[in-house]
Amino acid sequence: RDAKIRLGYVSPQSGPLAAFSDADRFIIEGFLASDAGSNFEVIVKDSQSNPNRAAEVAKELIIDDEIDMMLVASTPETTNPVATTCEAEEIPVISTVAPWQPYFIGQQGNPGDPGSWRPFDFSFHFFWGLEDVISTFTAMWNQLDTNKSVGAIFPNDGDGNAWGDPNVGFPPVLDAQGYKLTDTGRYQNLTDDFSAQINAFKAANAEIVTGVPIPPDFTTFWTQAKQQGFTPKAASIGKAILFPQAVEALGDQGHNLSSEVWWSPNHPFSSSLTGQSAADLAAGYSQATGKQWTQPIGFVHALFEMAASVMGRVEDSRDPDEVAAAIAATQLDSMVGRIAFDGKGLPPFAAANVAKTPLVGGQWRLQDDGSYDLVVVDNSDHPEIPTGGKMEEIS
Amino acid sequence: MIWIDTIIQGILLGGLYALFAAGLSLVFGIMRLVNLAHGDLIVMGAYLILLLVTLLGISPFLALLIAMPVMFLLGWALQKFLLNRTLGDDILPPLLITFGLSIALQNALLEVFSADSQRLPPNALTTASVQMGPISLGVMPLLTFASAVLVIVGLNQLFYRTELGRAFRATSDDPTTASLMGIKPANIFATATGIALIIVTIAALYLGLRANFDPNIGPARLIYAFEAVIIGGLGSLWGTLAGGIIIGVAQTLGAAITPEWQILAGHVAFLLVLLIKPRGLFPRAHD
Amino acid sequence: MSLLETHNLTAHYGDFQALFGVDITLEEAETVAIIGANGAGKTTLMRSIAGVLRNAAEAVTYDGRPVGAQPADEIMAQGVAMVPEGRKLFPSLSVEENLLIGTYGRKKSGHWTLNTVYDLFPILRERRNSPGTALSGGQQQMVAIGRALMSNPRVLLCDEISLGLAPVVIKDIYAAVPAIKAAGASLVVVEQDIAQAMAVADRVYCMMEGRITLSGTPESLSREAIHDAYFGAAA
Amino acid sequence: MTYTVSTRTPVSRIAAILGLGGTLILAALPFFAGRGTIQDMFFILTMLVLAQFWNLLAGYGGLVSIGQQAFVGMGAYALFGGVILWGLDPVSAILLGGIAALVIAVPTAFFAFRLNGAYFAIGTWVIAEVVRLSVAQWKTLGGGTGTSLPRSATRDMWLVEMIEEVLDVRSAAARDILAYWLALVLALATIGGIYWLLRSKNGLALAAVRDNTEAAKSVGVDAGRMKLVVFLTSAFGTGLTGALIYLQKARISPDAAFSVTDWTAYVLFIVVIGGIGTIEGPILGVLIFFALQSLLADFGSWYLLTLGLLAIAIMLIAPRGLWGLISERTGLHLFPIRRTLRGGKLSPSEE
Amino acid sequence: MSILSLQSVSKSFGALTVTDDVTFEVPQGQALGIIGPNGAGKSTLFNLITGNLTANSGTINFEGRDVTRTSAMDRCMAGIGRSFQIPQPFEKLTVYENLLVAATHGRRLGEAAVRDDCADILERTEMIRRANTPAGQLSLLERKRLELARAMATQPKLLLLDEIAGGLTEAECQSLIGTIRDIHAQGVTIIWIEHVLHALTSVVERLLVLDFGKVIGLGDPDAIMASREVQQIYLGIEV
Ligand SMILES: Nc1ncnc2c1ncn2[C@@H]1O[C@H](COP(=O)(O)OP(=O)(O)OP(=O)(O)O)[C@@H](O)[C@H]1O
Ligand SMILES: Nc1ncnc2c1ncn2[C@@H]1O[C@H](COP(=O)(O)OP(=O)(O)OP(=O)(O)O)[C@@H](O)[C@H]1O
Ligand SMILES: [Mg+2]
Ligand SMILES: [Mg+2]
C-alpha cells in the first residue's frame, strides 16, 4: 500500500479544557517520528472545548478528510459528541480520558433506564470507571481515622451526574462500605458560592470531602470552606486538581489534597511503540516544553499506540468492520497498562466497548520551593504500581 | 441560624456582583451602552494584575494601583476611538462591536496566557475569617463587599459633588443640549468608560484573589452584572448594589433549598423584580 | 465686519432640506428677531449657527472667523450661547446645577455669576435645590436663559423663549433683556409672537419654508408685508 | 382612470429566474455532490434560516433578542424527547420542536414585551438561561450530561431507506441527504414566507411601525399584535431549525443546545455583517461566515480573534452591512417590496 | 346627536397642566375650528382625542361610546383620523404606500380593494405625481399634504387636522380649502387647528378658543373673532 493510513484526532486544544491537550503536539510528533508512525497521517482538529464544535469537526474528518479511524481524548464534552458521530457514520473510534460511565451511559438515549442501553458497534473506549475511583478513594480514607461522614460536591455535568448517580455512582458503594454521604444536589458549573454545601457538611460533621468540580469551582469551594471554618481531614477530588497549576493556585491550601492517579512517571509501564518507560516519556515532555508532566500525556500516547496496534492487525484499513473487529480483539501492553476489551471488571452491557486501565490514589505534597508533587499513596487495587508514601490528614 | 448565615453569605456575594456591575452601571447609565465585553475586560484586568505581580514581585494590591491608570487610558481610548462611533438610538451596533471585542479579547488572552487557569497568589487574608457569634465570615468577602460599597460611595460623590459629575449627568440626559453648554460629549463618554475600567480593575483584583480565572470565564459573570444593573434601575448606583445583593441572596437562598436551583434562583429573582417593576427598583424620574 | 454672519446656509434632516441658502447678519450690541410660521426653519437656523447641525466652514462666520464646521462645544467656547427651543433643562440636575453647567470647563469670569443670575430671576434663588423640571414653564425658561448667561456669551441665541408662557411671565422674561444687553451680549431672538419680536428687536428677519422672505427694521415693516412674508403672498 | 400596482423590477425578474434555477440545482445537489458539500450546505442553510428569523425579529420587528438559543434548544430537546421518550419518528418530531419553541415563546413574550430596547435584549437572554438551567434538570434526557439519539431511531427514519435505494448511498449519507432536503425546504419556505409577509399589508405595517410607531398606531396599525406575531413566528421557525440541526448532530447537551454564542451571537454576526432589515443581507452574511469558518477554523483562537475583529471593522465601515453598502451604491434589490403605482395620471412620461 | 364629546378632560406633564378641565361637544357633521396661542394645548387636545396621549381625568365619548382609555389604533378603527402638526410620514415608504398602510389597516381591507381609493385621494390632494416617491424626500408642504391624504385614507368619520395650511401660498390655500370643503360635504365631521384664520373661517361653522389649556370661547366664528380678548391673546395685537 502506498497511501498512508489516515487518523483523525479531536481534542479540546483551546477553550476552558485546553490544559488536557497541552501535550498533544509533543505526543503526535513523537508518534509520527516512530517506526510504526511513519505509515500514518494524523489530521488534528480542535473541539474548542465546545460539544457543538466537536461534532462538527468529527463530521469534517470523516467526510472531507476520509479518515480510516478516529481518535478522541479528554472529557465527555469532547469524547461523546465525537463518538456519537462516528457511531452514526460507522467509522471506528477510540476514545479515552473520560470515566467509562459518562462515556457509555451518557451516549444512551435514556440514561435513566438501563433496560434501554445498547452497546456500540464502532465506538471503543479505554479508561477507568467510577467503581475504580470509588474504591481508590475509600481505600485512601480507610488509611485515616475518620467518622466516615462524607460531603460531596457533584456538578450537573457529564462527570458530576455519573459520580452522583444512585445506581452506578458513589452513593450505593459508600452506603455499602458504611460511609454516610451528604450530597446536596447537582449545582451548575461556575457557581460563585458554596455556603449551602458547606453548611450542610458542617451540619453532618463531615470529615471527608469528595467531588468532581471544575478547577475554578473547587478553588471557590475550598477557599470558602476555610473561611467558614470547615476543615475536613481528607479531600479527594477528581478533575479539578488534576494539573499542578490548579493546585498551585490554592497556595499552601493545596497540601495533602488527594486525587485519583491514572498515570505518573512512576507507573511501571512502557510504550509498545517506542519502548520508552513512563519516566522517559515524562522527562522527554518536560525537556521539550519546559513544563511539568501531567496525567493525560500517558493516555494520549496510548491512544496512538492503539492506532498502531490495530492498524497493524488489519488487511484493509478502509474497512470499518474489520478495523472495529481488530480493536475489539486488542491485547496491548501500553504506556497506561494492559488494554483489552475482555469485559474484565465491567458489567455485561459495557463489556464489548470498554477496556479498563489501572487507577491508584495520590496526594499533592507541598515542596519546600512552593511547587507541588503528586505522591501515590494507595495502590490497593493495583499493587504493581509502587506507592511513594502513606495517606496523610490535611492539617 | 443557617438561614441567617445563608442570607449574610448572599449579601457578601452580592457585593462581588455589585463590584462586577458598578462599571457596567456607569457606562449603561450614561450612554445606554450595552457592553458585552465587560466580563472579558475584568478578566483582562486580572491578567494585567497577575502580570505585574509576577514580573515585579509586588503584592496584588500594589499592582492594582499600577494597573488602574493603565486600564483608565485603555477605556478612554476604547470609547473615544471605537465605541463613540456606534452610539445612537439603535442598540445593535454597540451590541455587535462589543460582542466582537469580547471574542477578540478572549482569544487574544488565550493566545498570550494559554487556557490554564490562574489565580493571584493567595496570601494570609485569603482564608482568614472573623467570627461573629456562630457565624464565620471570610475576610476576603467582607473586603470585597466593603470595596463595592466604597466604589459606589465614591462614584456617588463624583456624580453629585463635582463638576465632572454634573457633566456626566447632563450629557446622559441630553448630549446635544450638553454640547450647547460647551461639553464635549465624546470626551465625557470616554472619561466615563475610563472610570468604568478603573472599577473593572478593582473587580478584577477580587475576581483573581477569590478563585481561578482563565480567558473564557468573563461572559459567565456578565449576565449577573447586567441583572444587577437592570433591577437596580438605570443610572442608580445604589440600585446596582441592591440589585447585586438581591441576586446574591436569591442564589444562596435557592442553594440552601437545593444547589440545583442556585443560579436559577438568581435569574428568577431578576425576572420577578422586572415583572413587578419593569424599570427597576430605583428608576430615574424621567427617560 | 459683523459679529456673526451666515452665508448661503443650508440644512438637511436626512433627505429633507430644511434651509435653502439663508443669509443673516448680527452686529455687535444688536438684537435681531427672526419670525416665521411653524416649520419655517427658525429653529433649524439657530441650531446651524450653534453648531448642532454642521455646515461648510464658510457658511457661518463669527468675529471674522469661519466656524460653520465646528461642533457645538467649540462654538460655545468662543462665546455663542443658545437658549434652546423647549428649554431642554437637564432633568437629573437641580436648578443650581443646571445653571452651573453653563460654566463647564470655563474659568473666565464676567458679569454673569450664580449671584447675578439669581438677582435677575430672584425666584430661582428660592428654588435652587429643586430638580429643574419641577418648576413651572416660566421658571424653567428662566433657568434656561440663566444657564446660557452663565457662560458670559457675546452672542445669545434665544429660540422661542416665550413659547407656552403666560403673558405676564413673558413680560417678566423680556424684562430681563435690557439687562442682558447691558452686560454686553448681542441677541438673536426667534419669536412667533410678532408684536413681542417687534418690540424687542433692532432688526427683523421673516422666514418661510427655509428662506428669508423679508427683513428690515420694525418701523419699516407694515403688517401686510409681514403677513405676506409669513404665509405667502396674498392673492 | 385605472391604476395598477406592481412590485417587480427588471432586476428582480432576472433574480427570480436565477433563483428558480439555483433552487433546482440545490434540490438536485445530492445526485452529484459529495457528502462534504451536502453537509456544508446543511450548515449554511440552517444558519441562514436562523439568521432570517432573527432578522425578521430585529430588522423588521425592532425586537433585538439575544435569547434565540432558548428556541433552538427547546426545539432540539423536544425532538429528543419525542424520539426517545415517546417513540416518535424523528422527522415528525421536528414539528414537535417548532411547537415546543412556540409554547415557551408565549410566556417569554408576556414577560419580555414589558421591556424595551436594551432591557428587552438582556431580558430575553436571562429567560434563555432560565430555560437552559431548567432543561438541565430534565434527568430522563441526561440532565447536564446530555444524551444521544439512539441509532435505531435515526436509522429507521422515514424516507431514509428510500433515499438509500434511489441514490445508492450508505445509511449515514442518506440521513444527511434527508436532513439537507429538509433544511432546503425550510430555508425556501422561510425566505418565501418572509418575502410574502413583507409584501403583504402586514409587512407594510411592520415597515410603518419601524419608521414611526406613533403615526402607525394612529392609522389603525396594531403595533403590539404585529410584534407578537413576528416574535411567535420566529420562535416557531427557530425551534424547527433547532430540531433539525440536532437531528443531524444526534447528540445534545444543555450547554450545546442553549449556546448563546453558536445560536445567537453568530447569527447576529451573520445578519449584521450581511445587512440587517433585508432578505439579501443574511444570505450574503451566511456565505461570508461560512467562508471565514472554512478558511480559518483550524487556526483555533486566531479564527475567533479574526471573527471578532472583523465584526468590529465591518460595523465601522458599513454600519448597514455589506448588502446595505451594495444596494446603496447600485440600487439593487433582489427581493423588491416597494409598490409602484402606474397608469392613470401617472402616464409614463410623467413618471 | 354629537359625534364627539369631552367631559372635564385634563392632562398634565409633570407640574405643567396642558389641558385644563376641557368640556365641549361636536355635533355630527359639523366643522369646528380651534385657535389659540402657541402652547395653548391644541395639539395636546388632539392627542387626547386620538389616543396618542391618555387623559389624566375626564371622559371622552365618540359616537356615544366611552373611548377615554382605548388605544390610538382602536380609535382609528372607530373612525377618528388625524394629521400631525409636525408631519410624521413613514419616511422609507413611498407616498402611495403611506396611504396604503392607512387604508388597509385603518379599514381592515385588502390592498386591491383600496387601490383606487388611495389613487383617488392622491389625485384630490394633488399628490398623485409624487405617488412613488419615498416620503422622506418630500418638501414640507408635500409632507403636510401627505398628512391630510393619509388621514383621509382611513376613511374617518371624524377628521382632526392640525395646522395643515401654515406656509401655503394663497392659491394653494384656496385649493386646500376646496378639498376640505369637499370632505366636509361628504358628511365627515372636522376639527381643524389653524393659525391661518381666513382659511379656517371660510370652512368652519364654529370656533373654539383655547388658552393655557382652558376653553375661553366657543361659538360662531365671526363673534369669536370679533372679541377683544381673542384679538389680543391670539394675534398679539394691542387693539
Ligand atoms: N429632527 C428633525 N428631523 C426631521 N425633520 C425636522 C427635524 N427638525 C425639524 N424638522 C423639519 O424641519 C422644518 C423646519 O423646522 P424648524 O424646527 O426649524 O421650524 P421652526 O421655524 O423652528 O418651527 P416652530 O415654530 O414650530 O418652532 C420643519 O418642517 C420640521 O418638520
Ligand atoms: N410630551 C410632552 N411632555 C412635556 N410637555 C409637553 C409634551 N407635549 C406638549 N408639551 C407641552 O404642552 C404645552 C402645549 O403643547 P401643544 O403642542 O398642545 O401646544 P399647541 O397649542 O398645539 O401649540 P402650537 O400652536 O405651537 O402648535 C407646551 O408647553 C408643550 O411644551
Ligand atoms: Mg422652532
Ligand atoms: Mg400644536
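Here is the naming used below: chain letters follow the sequence lines, and residue numbers restart at 1 for every chain.
For the options Ile80(E), Leu109(E), Thr50(E), heavy-atom pairs under 4.5 Å to chain D are most numerous at Leu109(E). Counting heavy-atom pairs closer than 4.5 Å to chain E, the top-ranked of the candidates Val219(D), Thr4(D), Val5(D), Asp222(D) is Val219(D). Chain D forms more heavy-atom pairs under 4.5 Å with one residue of Gly106(E), Ala135(E), Cys76(E) than with any other, namely Cys76(E).
Nearest heavy-atom pair across Ile337(D) and Glu97(E) is O-OE2, 3.6 Å. The two residues Arg339(D) and Thr94(E) have their closest heavy-atom pair at O-OG1, 4.2 Å. Nearest heavy atoms, Glu111(E) versus Arg199(D): OE2-O, 3.4 Å. Residues Gly220(D) and Met77(E) share a closest heavy-atom pair of O-SD, 4.1 Å.
Expressed to the nearest 0.5 Å, how far CG of Asp116(E) lies from OG1 of Thr2(D) amounts to 8.0 Å. Considering NZ of Lys217(D) and CG of Asn52(E), their distance stands at 8.0 Å, rounded to 0.5 Å. Separating the CD atom in Glu214(D) from the CG atom in Leu53(E) is a distance of 7.5 Å, to the nearest 0.5 Å.
Contact annotation for Thr104(E): both backbone and side-chain heavy atoms come within less than 4.5 Å of a heavy atom of chain D. Of the two parts of Arg107(E), neither the backbone nor the side chain holds a non-hydrogen atom closer than 4.5 Å to a non-hydrogen atom of chain D. When heavy atoms are compared at a cutoff of 4.5 Å, Leu160(E) does not approach chain D at all. Proximity to chain E (any heavy atom under 4.5 Å) is shown, for Arg225(D), by neither the backbone nor the side chain.
Other residues, nucleotides and ligands place no more than 12 heavy atoms under 6.0 Å from the CD1 atom of Ile86(E). Within a 6.0 Å sphere centred on CZ of Arg124(E), heavy atoms belonging to other residues, nucleotides or ligands number more than 12.
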Before giving the answer on side chain to side chain contact (heavy atoms under 4.5 Å, CB included), spell out for Ile128(E) and Leu341(D) the whole-Å C-alpha distance, their side-chain angles and the decisive distance to 0.1 Å. CA-CA 9 Å; Ile128(E) 191 72; Leu341(D) 192 66; 4.1 Å; yes
List the steps and the verdict of side chain to side chain contact (heavy atoms under 4.5 Å, CB included) for Ser218(D) and Phe84(E). CA-CA 10 Å; Ser218(D) 293; Phe84(E) 286 91; 3.6 Å; yes
Go through Arg338(D) and Leu93(E) one step at a time and tell me if the side chain to side chain contact (heavy atoms under 4.5 Å, CB included) criterion holds. CA-CA 8 Å; Arg338(D) 176 159 291 167; Leu93(E) 301 183; over 6 Å; no
Decide side chain to side chain contact (heavy atoms under 4.5 Å, CB included) for Met73(E) and Val221(D); before the verdict, give the C-alpha distance in whole Å, the side-chain angles of both, and the deciding distance to 0.1 Å. CA-CA 6 Å; Met73(E) 180 206 57; Val221(D) 173; 5.9 Å; no
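When atom types are taken as modelled, the side chain of Lys92(E) and the backbone of Arg210(D) share no donor-acceptor pair closer than 3.5 angstrom. Listed for the His105(E) side chain is no donor-acceptor partner under 3.5 Å among the backbone atoms of Ala216(D).
Considering Leu204(D), Val209(D), Asn212(D) in turn, Asn212(D) is the only one that fulfils the side-chain contact (heavy atoms from CB on, under 4.5 Å) rule with Phe90(E).
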